[in-house]
Number of protein chains: 4
Amino acid sequence: MQVKKEDLRQQILEAAKQEFLDKGYENSSMRVIAKKANTTMGNIYHYFDNKEALLTTLLDPVIENLNHLAEEHFVQDDQDYTIDDIEEAFDLINTQIELTEFRYLMDECLLILFDLKTTHYVELREAFMEKARNHMKFHMKMENDESGYLDIVTNMFVDCIRHVLEEKKNPEETRQEFMKVFRMLCTGLVTIKK
Amino acid sequence: MQVKKEDLRQQILEAAKQEFLDKGYENSSMRVIAKKANTTMGNIYHYFDNKEALLTTLLDPVIENLNHLAEEHFVQDDQDYTIDDIEEAFDLINTQIELTEFRYLMDECLLILFDLKTTHYVELREAFMEKARNHMKFHMKMENDESGYLDIVTNMFVDCIRHVLEEKKNPEETRQEFMKVFRMLCTGLVTIKK
Amino acid sequence: MQVKKEDLRQQILEAAKQEFLDKGYENSSMRVIAKKANTTMGNIYHYFDNKEALLTTLLDPVIENLNHLAEEHFVQDDQDYTIDDIEEAFDLINTQIELTEFRYLMDECLLILFDLKTTHYVELREAFMEKARNHMKFHMKMENDESGYLDIVTNMFVDCIRHVLEEKKNPEETRQEFMKVFRMLCTGLVTIKK
Amino acid sequence: MQVKKEDLRQQILEAAKQEFLDKGYENSSMRVIAKKANTTMGNIYHYFDNKEALLTTLLDPVIENLNHLAEEHFVQDDQDYTIDDIEEAFDLINTQIELTEFRYLMDECLLILFDLKTTHYVELREAFMEKARNHMKFHMKMENDESGYLDIVTNMFVDCIRHVLEEKKNPEETRQEFMKVFRMLCTGLVTIKK
DNA sequence: CATGAATGAGTTTTCATTCAT
DNA sequence: CATGAATGAAAACTCATTCAT
C-alpha cells in the first residue's frame with residue numbers, strides 16, 4: 001500500500017496540476033487532489049506545507065524560465081523584421097526555438113499561471129507581460145497611441161502559447177504548431193504595418 | 001433608501017457580473033455580491049432562486065445571441081476570402097459588424113462564459129466553438145489534418161474578442177479595435193495559406 | 001427557536017468566557033462554545049469575526065480598566081506606608097476601593113488574561129505588570145538588588161486578585177475578601193522591611 | 001549521531017518538560033517536542049506510550065513527593081506559631097527546609113501540575129490542596145467561616161512556590177528566596193490574627 | 001419586500017497516533 | 001531502535017441557502 005516517497009510526491013503534484021488546470025487553483029480542493037493522488041488529505045501535508053506550496057512547487061520553475069527568457073530574449077539590439085525579410089527571420093527563429101529555452105516554457109503550468117486570479121503570482125505574471133509588451137513594441141516600432149493594439153497582440157501571443165499547450169502533443173509537434181501560429185500572427189502584423 | 005424592485009434587480013445583476021468577471025463564477029461569494037449591490041444576501045434570494053440563477057440571467061441572452069450569430073452568419077454560401085479580395089471583404093465586414101448582432105456580442109458577459117470551468121454552460125460554449133471552427137474551416141478551405149491549426153486560430157479569434165472587451169472602451173472604439181485585430185488575424189491567415 | 005440578537009450574543013460571550021476560564025483560551029474549541037451557547041459554530045461567526053474576536057470582546061474592557069487604574073492609582077506622590085501608620089492607611093484604601101474603579105477590575109476576565117500564553121494580550125499584560133512592579137517598588141522603597149523579591153511580591157498581589165475572583169462571591173463580599181488578603185500581604189511586607 | 005537509549009529518553013522528557021512549561025500540557029504538540037529532542041515523533045512512541053505518558057513520567061514523582069510531604073509534614077501535633085515565637089519558628093523551618101523533602105518539591109514540574117486544566121492530575125492536585133488547607137487551618141486556628149480566607153492564603157503559598165521556581169536560580173538561591181517570601185507571608189498572617 | 005439569524009456541509013490545516021520499512 | 005509515511009478525527013473558518021420576523 002505504501003509508495004516510495006518521491007513517487008507519491010510526484011503523484012500529488014501531478015494530481016494538483018490536473019486539478020489546477022481543470023478547475024483553477026482557487027477552485028481546487030485538497031480533498032479532491034488527495035483522492036486523485038490516491039492518498040489522504042492529511043498525508044499531503046507531509047509533502048507540502050499547504051495548498052499554496054503545491055502551487056509554488058509547480059509555478060516557481062515556470063517563473064524562473066520566464067525570467068530567463070526575458071533576460072536572454074528580450075534584448076533590444078535585435079533586428080526588427082519587415083515583410084521582405086520575414087521568411088529569413090523565421091528560419092532564424094525556427095532554429096533558435098530548438099536551441100533556446102523556448103521549449104522549456106512549453107509547460108502546462110503556464111496555463112495555471114495565466115488562469116490565476118489571486119496570489120502574488122498575478123503580479124509576477126503581469127510584470128512579465130509588461131516586459132513582453134515592451135519587447136513587442138520595439139519590434140513593431142509602435143507609437144504610444146497604439147498601446148491598446150499592442151496589449152491585444154501581446155495577449156494573443158500568450159494565447160497562442162496557451163492553445164498550443166492545450167493540444168498536449170509531443171514536444172516536436174508542439175514546437176511546429178507554435179511556429180505555425182506564430183508565423184501567422186507575425187505575418188499579419190507585419191503586412192498590416194506595411 | 002429603498003430602491004424600486006427592478007432597480008435593485010439590476011443592481012444585483014451588475015454586482016454579480018463584476019464579481020464573476022473579477023473572481024470567476026466559482027470563486028464569487030454571495031456575501032460579497034450582496035454587499036456590492038447594497039443589499040443583503042437573503043434579499044438576493046427574493047430576486048433569484050440561487051447563485052446559478054444569477055449566472056443564467058447573465059448568460060442566457062449571450063447564449064441566445066451566439067446562437068443567432070451562428071444561424072445567421074455561419075452559413076456556408078459565403079464567399080471565401082483570398083489575399084486578392086481581402087480589402088474588399090473587410091469593407092463588407094466593417095459594414096455588417098455595425099448592422100448585425102455582432103455588436104450585441106460585445107458584452108462583458110462573454111468573458112464570464114469563456115472563463116467558466118463548471119456548469120452546463122461549458123458544454124453550450126463548446127458547442128458554439130465547434131460551429132465556429134467548422135465555419136472557419138470552410139472559409140479557409142482547410143483539410144482535416146490541419147484541425148489542430150484550426151482549433152488554435154479559432155481560439156485566437158475568441159481571444160481577440162476577449163481582449164477587446166477587456167479594454168472597456170465605448171462601443172465605437174471597441175468596434176474599431178476589434179476590426180483592427182481581426183484584420184491582422186485574417187491577413188496573417190490568408191497570406192500564409194497563399 | 002430563534003433568540004433575539006443581543007441575547008444570543010451575550011450567551012455566546014458567556015459560554016466563551018466560561019470555556020476560556022475552564023480550559024484557557026488556546027484550548028477552547030469553537031464547537032464546544034457553540035454547544036454551550038445552544039447554537040451552531042457557523043452562527044457564532046455571525047456575531048464574531050473569529051475566535052480571537054471573542055477574546056477581544058471580553059478582554060478589551062479589562063485592558064482599558066487596567067490602564068485607567070495605572071493612570072489614576074500608580075501616581076508617585078502617594079505617601080508610603082510604614083508599620084506605624086498602616087492601620088490609618090488601610091482605612092483610606094478601604095474607602096478608595098469603594099469609590100474608585102478597583103471594583104471594575106474585579107472581573108473574572110482578568111483570570112483569562114492572566115492565563116493567556118499567546119496573542120498580543122500577553123505583552124499588554126506584561127506592560128501593566130511592569131508598571132505595577134514600579135509602583136510597588138516605590139511604595140516599599142526597594143533597592144535594585146531586591147528585584148527578584150519585588151517580582152514575586154507583585155505576582156502574589158495578582159494572585160490575591162485571582163483567588164478572590166475564583167470565589168465568585170457578590171461584589172461586596174469580594175471587596176472585603178480582597179481587603180483582608182491585601183492587608184495581610186501588606187502587613188507582612190511592611191513588618192519585614194522594618 | 002545516535003544517542004544511547006537512556007540519554008534520548010531523558011532528552012525527550014526534558015523537551016516535553018520545557019514545552020509543557022511554555023505552552024501548557026494541552027497546547028504542546030508532539031511534533032515540537034520531537035524536534036526539540038532531536039528525534040522523530042514516531043520514535044517518541046518507542047519510549048512512551050502516548051502524550052499522557054510523558055506527563056505521567058514527569059508528574060508521578062512530583063505527586064509522590066507531595067504525598068510524602070503531606071504524610072510527614074502535615075501532622076497535627078506541630079506547634080502553632082504566634083507572633084511571639086515566629087522568629088524562633090523560622091529558624092526551625094529554615095533548617096528543616098534544607099533537610100527535608102521540601103527541596104525535592106522545588107521542581108519545575110510543579111508548575112506543570114499547577115497549570116493543568118485537564119487529566120486526572122487536576123483531582124490529585126486538588127486533593128493535595130485540600131490537605132494543605134487543612135494543615136494551614138490547624139496552624140492558624142481558623143474557624144469555618146474563614147474558609148474563603150484560608151483558600152486564598154493557601155493558594156498564595158502555592159504561588160509563592162510558583163514564582164520562586166520561575167526565577168530559575170540555583171538551589172541555594174531558590175531556597176533563600178522562598179524563605180524570604182514565605183516569611184513575609186507568615187508574618188502577615190500571624191500579625192493580622194493577633 | 002427586506003433583514004439577518006440560523007444551518008450544515010464545505011474549506012484548509014493540525015495533531016496524536018500507528019505502521020511498514 | 002529509528003524513520004517518516006500514513007491515517008482519521010478535530011480544529012478554525014466559509015459559504016450557499018433557508019427561514020422567522
Side-chain angles (χ1 to χ4, degrees), chain A residues 1-9 12 26-34 37-54, chain B residues 1-5 8-9 26-34 38-54, chain C residues 1-9 12 26-34 37-54, chain D residues 1-5 8-9 26-34 38-54:
Chain A
M1 181 72 58
Q2 213 158 332
V3 190
K4 261 195 262 135
K5 186 182 155 90
E6 198 48 37
D7 273 14
L8 183 50
R9 200 186 129 90
I12 293 168
E26 293 89 352
N27 287 322
S28 297
S29 105
M30 295 297 272
R31 192 172 293 173
V32 175
I33 292 171
N38 283 319
T39 185
T40 60
M41 241 178 12
N43 199 28
I44 291 185
Y45 286 85
H46 274 281
Y47 295 86
F48 301 94
D49 279 352
N50 46 38
K51 190 181 171 185
E52 202 175 357
L54 285 171
Chain B
M1 184 66 61
Q2 208 162 324
V3 188
K4 265 190 270 146
K5 187 182 150 96
L8 183 50
R9 202 186 127 89
E26 294 88 352
N27 283 324
S28 297
S29 101
M30 295 296 272
R31 190 171 296 166
V32 175
I33 293 171
N38 283 320
T39 185
T40 61
M41 246 181 4
N43 202 25
I44 292 185
Y45 285 84
H46 277 283
Y47 292 86
F48 301 94
D49 279 353
N50 48 35
K51 191 181 171 185
E52 203 176 356
L54 285 170
Chain C
M1 183 68 60
Q2 213 158 333
V3 189
K4 260 193 264 137
K5 186 182 154 89
E6 198 49 37
D7 274 15
L8 183 51
R9 201 186 128 90
I12 292 168
E26 293 90 352
N27 287 323
S28 297
S29 104
M30 295 297 272
R31 191 172 294 173
V32 174
I33 292 171
N38 283 320
T39 185
T40 59
M41 235 179 17
N43 199 27
I44 291 186
Y45 286 87
H46 274 281
Y47 294 87
F48 301 94
D49 278 353
N50 47 38
K51 191 181 171 185
E52 202 176 356
L54 285 171
Chain D
M1 183 65 62
Q2 208 161 324
V3 189
K4 265 191 271 150
K5 187 182 150 96
L8 183 50
R9 202 186 127 90
E26 292 90 351
N27 284 323
S28 296
S29 103
M30 295 296 271
R31 191 171 294 166
V32 175
I33 293 171
N38 283 320
T39 183
T40 61
M41 250 181 1
N43 202 25
I44 291 185
Y45 285 85
H46 278 283
Y47 292 87
F48 301 94
D49 279 354
N50 47 34
K51 191 180 171 185
E52 204 176 355
L54 285 170

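Proteins come first, then strands; the chains are lettered A, B, ... in the order of their sequence lines, and each starts at number 1. FYI, side chains are in, hydrogens and waters are out, and symmetry mates aren't considered; it's all heavy atoms of this structure.
Distance CE/A:M30 to CG/A:L54: 5.0 Å, rounded to 0.5 Å. Note: A:M41 CE to A:S29 OG = 8.0 Å, rounded to the nearest 0.5 Å. Atom CG of C:N50 and atom CD1 of C:I44 lie 11.5 Å apart (nearest 0.5 Å).
Scanning both residues, A:Y45 and A:K51, for their nearest heavy atoms gives OH-N, 4.5 Å. Annotation for C:N43 and C:L8: closest pair ND2-CD2, 3.5 Å, computed over non-hydrogen atoms. Heavy atoms only, all atoms of each residue included: C:A34 and C:T40 are closest at CB-C, 3.6 Å.
Atom-to-atom, OH of A:Y47 to P of F:dG4 comes out at 11 Å; the value is rounded to the nearest Å. Summarising the geometry, the separation between CD1 on C:I44 and C1' on F:dC13 is reported as 11 Å, rounded to the nearest angstrom.
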5'-to-3' dot-bracket of DNA chain F (Watson-Crick, G-U; under 3.5 angstrom; crossing pairs as [ ]; | other strand): .||||||||||||||||||||

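Applying the 4.0 Å criterion to OP1 and OP2 of F:dT7, one finds that A:T40 has a side-chain N or O inside that range.
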Once base and sugar-phosphate atoms are separated, protein heavy atoms under 4.0 Å mark nucleotides 13-18 of chain E, 5' to 3', with B, S and - as BBBSBB

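The 5' end of DNA chain F is approached more closely, in terms of each residue's nearest nucleotide, by D:T39 than by the other of D:T39 and A:N38.
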